[in-house]
Amino acid sequence: MNSTNFAKSLKAINLAFLCVLTLSFSARAYTPAPIVEVPAGSKLAVKLTSNFNSADCVDGTQIVFKTVEETTCDGSVVLPVDTLITGKIYIPPAVPKNGIKAVRIKLETIDLVGQGQVPFTGTLVARGGLLYVRRDLATVQIAVAGLGQSAPLGTSMCMMSPPSKAWIRKQQLALAKYEETKSKLIAYGAEWGSTVLLSKRNQQIDLREGDVVRIELTDPLRVRKPAVQ
């Protein structure tokens, strides 16, 4: 083999080697990151992106929240600040009495980095039947109805001794009250993964841009971890 052919062969070998290295590096650099799961019950602090008033609300009105805190999983930020969570507002089929207004918020999607919009289920976090809304330096309270409550304690308990008649009567009354409340909530449109807001008598439900609330995941959320370059 003369020197010219040897040089050409060496150049071809070097070029092939560089191609292999480039492809190998690219495969490592762009290998899809593993999927992690944000568990059900996780709470996200979010703010409303626009004003909302029940007087102007129509069935199907869109409502959008932005996260105000990062959510981390396995040491990586999987939900950065300003992640969008989108839902719709529905008017319950049955209108509460005594001048009380009701609307149902159903969260539907979340925008994930590298995944686009994916299904999302969650409810607005309430304590003692009240939604606490942080508005500037104040806190606003809105009544909330939901199907998250369970049947009365003791209706399915195993007991070491026969229950008294008074205990049985108490449980029967509690169970009847629970079923009555559940029926009313279903009439208001309450369902799994949604939140029904109730106004005070003869008032409107008023939420404003920038109001901060918390959302609790009712189902796990599968998120792709950020790729490590």
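What you see is a predicted model, and the numbers here were worked out from it, not measured in a lab.
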Please name the pair of heavy atoms, one in [X] and one in [Y], separated by the smallest distance, quoted to 0.1 Å.
{"X": "Q115", "Y": "R224", "result": "OE1-N, 2.6 Å"}
{"X": "L112", "Y": "L79", "result": "CD2-CD2, 3.4 Å"}
{"X": "L131", "Y": "V125", "result": "CD1-O, 3.2 Å"}
{"X": "S194", "Y": "K106", "result": "CB-CD, 4.1 Å"}

Drop me the distance from [X]'s [atom1] to [Y]'s [atom2], to the nearest 0.5 angstrom.
{"X": "L48", "Y": "F65", "atom1": "CG", "atom2": "CZ", "answer": "5.0 Å"}
{"X": "R214", "Y": "E69", "atom1": "CZ", "atom2": "CD", "answer": "5.5 Å"}
{"X": "I110", "Y": "Q117", "atom1": "CD1", "atom2": "CD", "answer": "10.0 Å"}
{"X": "L207", "Y": "S50", "atom1": "CG", "atom2": "OG", "answer": "9.5 Å"}
{"X": "L198", "Y": "I205", "atom1": "CG", "atom2": "CD1", "answer": "6.5 Å"}
{"X": "L221", "Y": "I85", "atom1": "CG", "atom2": "CD1", "answer": "8.5 Å"}

Checklist line | side chain to side chain donor-acceptor pair (under 3.5 Å): pairs with one or both residues in residues 59-68, sequence neighbours excluded | finding: none
Next item on the list: Can you run down the side chain to side chain donor-acceptor pair (under 3.5 Å) pairs that involve residues 74-92, sequence neighbours left out, and say none if there aren't any?
Entry: Y90-E108
Are [X] and [Y] connected, step by step, through hydrophobic side chains (Ile, Leu, Val, Met, Phe, Trp, Tyr) whose heavy atoms are closer than 4.5 Å?
{"X": "V46", "Y": "V140", "value": "yes"}
{"X": "V81", "Y": "I215", "value": "no"}
{"X": "V38", "Y": "V118", "value": "yes"}

Note to self: When you compare the side chains of T218 and T121, does any donor N or O come within less than 3.5 Å of an acceptor on the partner?
What the structure shows: yes
With a 3.5 Å distance limit and no angle check, can you tell me whether [X] reaches the backbone of [Y] through a side-chain donor-acceptor pair?
{"X": "T195", "Y": "L124", "result": "yes"}
{"X": "E37", "Y": "P220", "result": "no"}
{"X": "D206", "Y": "N53", "result": "no"}

Checklist line | Neighbour count above 12 (heavy atom, 6.0 Å) for R201 CZ | finding: no
Taking the side chain as every heavy atom from C-beta outward, state whether [X] and [Y] have any atom pair closer than 4.5 Å.
{"X": "C73", "Y": "V223", "result": "no"}
{"X": "C57", "Y": "I91", "result": "yes"}
{"X": "D219", "Y": "F120", "result": "no"}

Checklist line | Passing option when K47 is tested against D211, V68, V213 for side chain to side chain contact (heavy atoms under 4.5 Å, CB included) | finding: V68
Next item on the list: Linking directly or through intermediates, with side-chain heavy atoms under 4.5 Å: list the remaining ILVMFWY members grouped with Y132, chain and number order.
Entry: L130
